[in-house]
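Each remark here refers to the structure printed beneath this line.
Atoms within a ligand are numbered from 1 in the order they appear, just like the ligands themselves.
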Amino acid sequence: MIYVNIEELVKSLSVEEKIRLLVGAGLSVKVPGAAGETRAVEHLNIPSIVLSDGPAGVRIHPVRFGDKNTYYATAFPNEVTLSSTWSIELVERIGRAIGVEAREYGIDVMLAPGLNMYRVPLCGRNFEYFSEDPLLAGRLAAAYVRGVQSAGVGATLKHFVVNEQETNRRMVDVIVSERALREIYLRAFEIAIEESEPWAVMGAYNKLYGRYCVQNEWLLTKVLRGDLKFNGLIMTDWFAGDNPVEQIKAGIDLIMPGDDNTVQILLDAYRRGELDEKTIEVRAKKILELILKTPRYKGYTPSNKPDLDSHAKIAYEAAIEGVVLLKNNDVLPIPEGSRVAVFGKGSYLTVKGGLGSGDTHPRYTISIADGLREKSFRIYEELDKIYRDTVMVKWLGFDAISWFIHARENAMKEGNTYQLSWILTDFIESVAVYLTTLFISEDFLSDEVIEKAARESDVALITISRISSEGFDRKPVKGDFYLRDDEYKLIDKVSKIFHRYGKKVIVILNIPGPIEIISWRDLVDAILVIWLPGQEAGRVVADLLMGRATPSGKLPLTWPKELYEIPAMRIFPGEPRDNPQKAVYEEGIYIGYRYYDTFAIEPAYEFGYGLSYTSFEYRELLVAREKDAIIVKLRVRNSGGYPGKEVVQVYVRAPRGRIEKPFQELKGFHKTKLLNPGEEEEITINIPLKYLASFNGTKWIIEQGVYEIRVGASSRDIRLTTMITIESDICFNTNWSTTHC
Ligand code: GLC
C-alpha cells in the first residue's frame with residue numbers, strides 16, 4: 001500500500017499536470033472495450049485508471065488482437081429485474097459480483113448503477129433504471145454501490161439528473177418544479193449517496209432550467225455537493241455539454257471521455273485568467289482521491305479469470321427473484337417432465353438485456369426453449385424444429401444464429417484472434433435479436449400444426465419479447481408497446497385451440513418495461529414477466545414453471561392500461577415532438593402510483609403487485625415514534641402450501657395540510673427470508689422521519705397531524721393500517737439542517 005498525502009501530491013504537480021488530470025484519455029487502451037481511462041502522471045507513480053460500463057455487468061470486448069484468451073463477463077439481470085426483486089441483500093450480492101469481475105478484468109470504476117426515474121414507460125433506458133419511486137430506486141442503488149465497492153472498485157451513480165428520455169437527450173432542456181426535482185428526481189440520488197457513499201456521480205447529457213447539467217453550478221455545487229453532501233468525483237457523461245471551461249467551473253472534476261483538444265482549451269482558459277488555479281487544484285484533488293482508492297493504484301494484479309460459474313449462479317438467483325407473476329389461473333406450477341409446446345421466437349432467441357452502453361458480452365445466453373429442455377420438460381419437437389429451422393434461421397437469409405456460433409467456435413479452435421470477426425458476431429447477435437424481436441412475424445403456423453401440438457402437449461408456452469436501447473426511446477406502436485397483429489393472432493389462436501383440448505396457456509413476457517396487456521390477458525391462463533433476466537434466462541423460467549422456486553417479484557412500476565392515461569405521456573418527449581428542445585415535467589410529483597392513487601385511476605397492475613404460489617398473512621402491526629424515525633413492526637406468516645418470500649411494503653398517507661400531497665407514498669419495505677408453509681417472520685422497518693417531509697419551494701416540512709401507516713403486499717393490497725400523530729410542524733433546510741417553520 002502506498003500512503004500518499006494528497007496535499008503534498010497536488011503541490012508537486014504543475015498546473016499543466018493538474019489540468020491534464022481533469023480530462024480523460026479517451027476510450028481505454030489497457031482494457032479493450034472499456035469506456036474510458038484517466039491520464040497518468042508517470043513521475044509521481046499516478047497511473048491512468050480504467051472506467052467501464054454497465055449496470056448489467058462488465059462491458060468489454062470478449063477477445064483481443066493477438067491474444068488467445070477470452071474476456072467474457074457475466075450478463076447479470078438488467079436493473080428492472082433487480083428492482084423487481086425488492087431485495088436489498090440480493091442486489092448487494094449482484095453488485096459485489098460485478099465489482100469482483102471488474103477488478104479481475106482490471107477495471108477500477110464501474111459506470112453504474114443507473115438511477116433515473118420511470119417517468120414514462122417508453123424511456124429507452126428504463127431497463128437500466130430501477131423504478132418510478134425514489135425510495136425503492138435509491139435503496140436498491142445504494143445496495144448495488146455497496147456491493148461493487150466492497151470489491152475495492154468504484155461505482156458511479158448516473159445520470160445526474162432528470163435524464164428520463166433518450167429522444168434528443170444531448171440537447172433537451174428539462175423544466176421541472178423544484179418540489180418534483182427534490183422529492184422525486186434528486187431523492188433517489190440523495191438516498192443512494194447517504195446509504196452507500198459512491199465514489200462517483202455522472203452528470204447527465206440534458207439541460208436543466210436552460211443549462212447543461214454538466215455546466216450547471218447550482219445543480220452540481222449547491223445541490224449535489226451542498227444539499228446532497230456528495231464528496232466523491234463528478235464526471236461528465238461521454239461528450240456531454242459544450243463548454244469544458246464552464247464544466248470545470250460548475251463543479252465537474254473529470255471531463256469524459258476526453259481528448260487533447262479539451263486539455264488545450266482548459267490550458268488556454270487558465271492562461272487567459274478565465275480558470276483560476278484554486279479551482280483547478282480542488283478538481284485535481286478529487287481525481288487523485290479517487291485514483292488512490294483504486295486496485296490499480298494499490299498494485300493489484302488482475303487475474304483476467306473471474307469465477308464466471310459462481311457469478312452465473314448469483315445472476316440466476318437474482319433473475320429468479322425478479323420474475324413477477326401477473327396471472328395464474330390454477331395452472332402454475334406444472335409437473336416436472338410436462339410436455340410443453342413452445343411458441344414465440346423469443347422462446348428460441350431470448351433477450352438477455354438491453355442494447356447500448358448497458359449491453360454485455362457473456363459466454364452464453366440460455367434461451368427459454370433450451371432451459372426447458374435442460375430441466376427435463378418434454379418439448380414438442382415438431383414445433384421446436386419449425387422455429388429453429390424456419391424462423392430463427394432461414395428468415396435471416398443466412399443461417400445467422402448458427403453462423404456466428406460457428407464463427408466463434410472456429411475462432412476459438414484456430415485461436416484466431418481476429419477481433420473484428422468476434423465483434424462482428426457480437427454485433428450480428430445484437431442485430432439478430434433486435435430484428436428478430438421487432439420484425440419476424442409470428443403468424444406462420446398453420447392451424448393443423450397448432451391442433452397437433454395441442455393434442456400431443458400438456459401445456460402451451462408463448463414468449464413475447466421486446467428489446468430497447470440507449471439512444472432511442474420505445475415507441476407507442478405495434479411491435480413495441482402494443483402487440484403486433486401477428487403476435488395477437490398467435491396468442492388468440494393458440495389459446496382457442498389449446499382451450500378446446502382442455503389445455504392451458506402460459507405467456508412469458510421478456511421485455512424491458514410494460515407493454516399493452518388489457519386486450520389479451522383474459523385469453524390466457526398465466527402470465528410471467530421475466531423482464532431482461534440476463535444470461536440464465538431459460539433456466540430461470542424452467543425452475544419457476546416447475547415450482548423449484550416460487551415467484552416473489554413485485555412490480556417496481558405501475559403497469560398502465562393505456563399509455564395516454566399517464567399525464568407525462570401527453571407531453572413526452574417534449575416540444576417539438578420530433579426534435580424536442582424542451583421537456584416540461586408538467587405532471588410535477590404525480591408520476592406512477594403517486595398519480596394513479598391520488599386521482600383514483602385503475603391501472604392494469606398496481607405498483608408493488610406480484611402473485612406467488614403461496615399466500616401470506618399479516619398480523620400484529622405496531623408503530624412507535626423515535627426521535628428521528630418511525631419504527632414499524634409486524635409479523636408475516638406463510639399461510640399457503642409452497643415455500644415463498646414476501647415483499648412487505650409500508651406506505652404513508654399524510655394528513656391534509658397546507659401542502660398538497662399524493663394519496664400515499666412508499667416509505668419502507670422488507671423482503672422476507674424464504675418462509676416454509678406455516679413459518680412466520682417478525683419484521684421491523686425503520687422509516688427516517690425526514691422521509692415524511694414535503695418540499696414547499698423553500699424548505700422541507702413535516703406538517704403536524706395524523707399520519708396513516710398502511711402495510712401491504714402491494715400499493716393497493718393493504719393488509720394492516722394504524723395511525724401515528726406528529727404533534728407539531730417540523731422543518732428542515734434543503735441540506736436537512738433543522739430550521740424554524
Ligand atoms: C453513454 C451513456 C453512459 C455511459 C457512457 C460511457 O453515452 O449515457 O451511461 O456510461 O456513455 O459508455
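- Judged purely by distance below 3.5 Å, without hydrogens or angles, the side chains of Tyr144 and Glu92 never pair a donor atom with an acceptor atom.
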ask   = Does the side chain to side chain donor-acceptor pair (under 3.5 Å) test come out yes or no for Asp473 and Thr167, once each step is laid out?
value = CA-CA 6 Å; Asp473 286 319; Thr167 309; 2.5 Å; yes

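- Counting heavy atoms closer than 4.0 Å to ligand 1, residue Arg169 contributes side-chain atoms (C-beta onward) but none from N, CA, C or O.
- Taking distance alone, with nitrogen or oxygen atoms compared against 3.5 Å, Trp238 stays at or beyond that limit from ligand 1.
- The Ala35 neighbourhood of ligand 1 comprises atoms 6 (C), 12 (O), with distances under 4.0 Å to a heavy atom of that residue.
- Applying the 6.0 Å contact sphere to CD of Glu178 captures more than 12 heavy atoms from other residues, nucleotides or ligands.
- Contacts with ligand 1 closer than 4.0 Å are made by no heavy atom of Met110, backbone or side chain.
- For ligand 1 and Leu111, the ligand atoms under 4.0 Å from any heavy atom of the residue are 10 (O).
- Residue contacts with ligand 1: Arg125 is included, with a non-hydrogen atom under 4.0 Å away.
- With hydrogens and angles disregarded, a donor-acceptor distance shorter than 3.5 Å links the side chain of Tyr118 to the backbone of Phe130.
- With a 4.0 Å cut-off on non-hydrogen atoms, Lys158 touches ligand 1 through its side chain and not its backbone.
- Scanning all protein heavy atoms for the shortest distance to atom 10 (O) of ligand 1 gives Asp53 OD1, 2.5 Å.
- Backbone and side-chain nitrogen or oxygen atoms of Glu470 are examined, and one is located within less than 3.5 angstrom of a nitrogen or oxygen of ligand 1.
- Taking the six-membered ring where tryptophan is involved, the planes of His311 and Phe76 are tilted, since the angle between them lies from 30° to 60°.
- At a 4.0 Å cut-off, not a single heavy atom of Phe239 sits close enough to ligand 1 to count as contact.
- Checked by atom type, the side-chain pair Tyr300/Glu104 shows a donor-acceptor distance below 3.5 Å.
- Annotation for ligand 1: atoms under 4.0 Å from non-hydrogen atoms of His159 are 3 (C), 8 (O), 9 (O).
- Using a 30° and 60° split on the angle between ring planes, Tyr585 and Tyr185 fall in the tilted class, from 30° to 60°.
- Nearest non-hydrogen protein atom to atom 11 (O) of ligand 1 is Asp237 OD1, 3.3 Å.
- Contacts between Met256 and ligand 1 below 4.0 angstrom, taking non-hydrogen atoms only, are absent altogether.
- Donor-acceptor pairing under 3.5 Å is recorded for the side chains of Asp242 and Gln215.
- The aromatic rings of Tyr71 and Tyr105 lie tilted to each other, with the angle between the two planes from 30° to 60°.
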